[in-house]
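This report concerns only the one structure given below.
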Amino acid sequence: MSGTDFLRLGVNIDHVATIRNARGGDHPEPVRAALMAAEAGADGITAHLREDRRHIRDEDLTILMDQLTIPLNLEMAATDEMLDIALRHKPHAACIVPENREERTTEGGLDAAGLHNRLTDFVGQLRNANIRVSLFIEPDPRQVEAAIHLGAPVVEFHVGRYAELDGVEREDELRRIADAAALAAKNGIEPHAGHGLTFDNVVPIAAIPQLRELNIGHFLIGEAIFTGLDNSIKRMRNLMDEAR
């Protein structure tokens, strides 16, 4: 597999922290999971520091920045608090996501077009700090165009709708994702994808040639309960490689 064909795997460790926080205390440690994921072949670690700190905590971020030897992708809302945290820690990447206080998980993509004025300075400050900026958006041409105008070097497509569909509807959504990835790549933006990916549905997404990275968390952590984190990640890695 050539370097241009290689598809990176980012492992989201949020739900290790969810299990820890369900009972309080320090176990299981999300940082330990991150280090194990790196050993198993993850190319990066993703962590979402939410406003309500429901899973990842500030101290987790500090330890991750200190101990990780692979890139950290910080998922964050477009708030002044999160901008200050990102500029202080300077992770490899920052993925700007929508965030609603009552949601169980991120529900849909960021409205980059509607929030253009708010995001312009936000994206600019992150880029000036040499943090790779990503916008978590729907696979929609209007949102890709907004990312182009904002100067975001990366977009991550929310593929949750694809994951929930089947049959002809899934095929239609897959084409929409492929078209959006092609549009992004044509305009110099690196396209990624994430949300809802599993062993059963990842291959068609991984086969989209323009995609450069998949970020997967909830499924891998859940599967790790039965097979171990190492096996969970290695199987996903193999499926992604076979798709290329």
Side-chain angles (χ1 to χ4, degrees), residues 10-18 20-21 30 34 44-65 68 71-140 142-144 146-161 189-196 213-218 221:
V11 174
N12 187 310
I13 59 167
D14 289 351
H15 294 295
V16 177
T18 300
R20 174 195 62 189
N21 297 350
I45 297 297
T46 293
H48 185 172
L49 185 66
R50 286 179 174 268
E51 179 187 9
D52 60 10
R53 308 307 198 265
R54 73 178 66 168
H55 34 61
I56 295 295
R57 303 169 180 163
D58 297 70
E59 56 267 30
D60 295 326
L61 182 57
T62 299
I63 300 170
L64 285 167
M65 288 297 302
L68 276 181
L72 176 65
N73 174 38
L74 175 63
E75 289 188 344
M76 54 190 284
T79 66
D80 292 338
E81 179 195 21
M82 291 302 154
L83 179 60
D84 289 342
I85 289 170
L87 294 177
R88 184 166 69 252
H89 287 282
K90 295 188 177 176
H92 170 77
C95 183
I96 305 173
V97 302
E99 186 174 312
N100 298 312
R101 185 176 292 275
E102 299 301 324
E103 67 186 1
R104 292 186 180 182
T105 184
T106 304
E107 298 171 349
L110 183 76
D111 183 10
L115 296 172
H116 183 276
N117 292 341
R118 165 66 178 156
L119 292 174
T120 298
D121 181 63
F122 206 88
V123 170
Q125 288 197 56
L126 291 170
R127 293 198 66 177
N128 288 340
N130 293 317
I131 299 170
R132 188 195 73 186
V133 183
S134 174
L135 302 180
F136 187 72
I137 61 173
E138 293 295 322
D140 180 276
R142 179 170 174 263
Q143 299 300 334
V144 175
I148 295 168
H149 293 307
L150 285 165
V154 177
V155 292
E156 180 174 338
F157 294 121
H158 175 265
V159 295
R161 187 168 184 271
I189 293 179
E190 182 175 288
H192 300 175
H195 201 87
E213 181 174 305
L214 301 183
N215 285 297
I216 307 173
H218 183 267
I221 301 306

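Atoms CG and CD1, on Asn73 and Ile45 in that order, are 10.0 Å from each other to the nearest 0.5 Å. A distance of 9.0 Å separates CG in Asn117 from CG in Leu150, rounded to the nearest 0.5 Å. The CG atom of Asp60 sits 9.5 Å away from the CG atom of Asp14 when rounded to the nearest 0.5 Å. To the nearest 0.5 Å, atom OG of residue Ser134 and atom CG of residue Leu126 are 11.0 Å apart. Ile131 contributes atom CD1, which lies 10.5 Å from atom NE2 of His92 (distance to the nearest 0.5 angstrom). The CG atom of Leu83 sits 11.0 Å away from atom CZ of Arg88, with the distance rounded to the nearest 0.5 Å.
Looking only at atom types and distance, the side chain of Asn12 has no donor-acceptor partner in the side chain of Thr46 under 3.5 Å away. Using a 3.5 Å distance cut-off with no hydrogens or angles, the side chains of Glu213 and Asn215 do pair a donor with an acceptor. Asn21 and Arg57 share a donor-acceptor pair across their side chains, judged by distance under 3.5 Å alone.
In this structure, Met82 and Leu49 have side chains that are in contact, with non-hydrogen atoms separated by less than 4.5 Å. Taking 4.5 Å as the limit, every side-chain heavy atom of Val154 sits out of range of all side-chain heavy atoms of Leu135. The shortest distance between side-chain heavy atoms of Pro153 and Glu190 does not fall below 4.5 Å. Using a 4.5 Å heavy-atom cutoff, the side chains of His48 and Met76 are not in contact. Within the 4.5 Å cutoff, side-chain heavy atoms of Ile96 are placed close to those of Leu119.
Residue His89 qualifies as enclosed at atom NE2: its count of foreign heavy atoms under 6.0 Å is above 12.
Of all non-hydrogen atoms in Gln143 and Glu138, the two that sit nearest each other are CB-O, 4.0 Å. For the residue pair Glu156 and Cys95, the shortest heavy atom distance occurs at OE1-SG, 3.9 Å. In plain terms, the two heavy atoms of Ala34 and Leu68 that are nearest each other are CB-CD2, 4.1 Å. Residue Ala47 comes nearest to Ile56 through the heavy atom pair CB-CG1, 4.0 Å, listed as atom of the first residue, atom of the second, then distance. Shown here for Met65 and Pro91, the closest heavy-atom pair between the two residues is SD-CA, 3.8 Å. Considering all non-hydrogen atoms of both residues, Ala129 and Leu87 come closest at CB-CD2, 3.7 Å.
Note on Asp52 versus Arg54: salt bridge recorded, some NZ/NE/NH1/NH2 to OD/OE distance being below 4.0 Å. For the pair Arg118 and Asp111, the salt-bridge criterion is not met [side-chain N within less than 4.0 Å of a carboxylate O].
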Quiz item: Can you check salt bridge (Lys or Arg N to Asp or Glu O under 4.0 Å) on Glu81 and Arg53, steps first, answer last?
Solution: CA-CA 12 Å; Glu81 179 195 21; Arg53 308 307 198 265; 2.8 Å; yes

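Here His192 and Phe157 keep their ring centres 6.0 angstrom or further from each other.
Aromatic ring pairs are classed by plane angle as parallel below 30°, tilted from 30° to 60° and perpendicular above 60°; the pair His158 and Phe136 is perpendicular.
In this structure, the side chain of Arg127 does not engage the main chain of Phe122 through any donor-acceptor pair within 3.5 Å.
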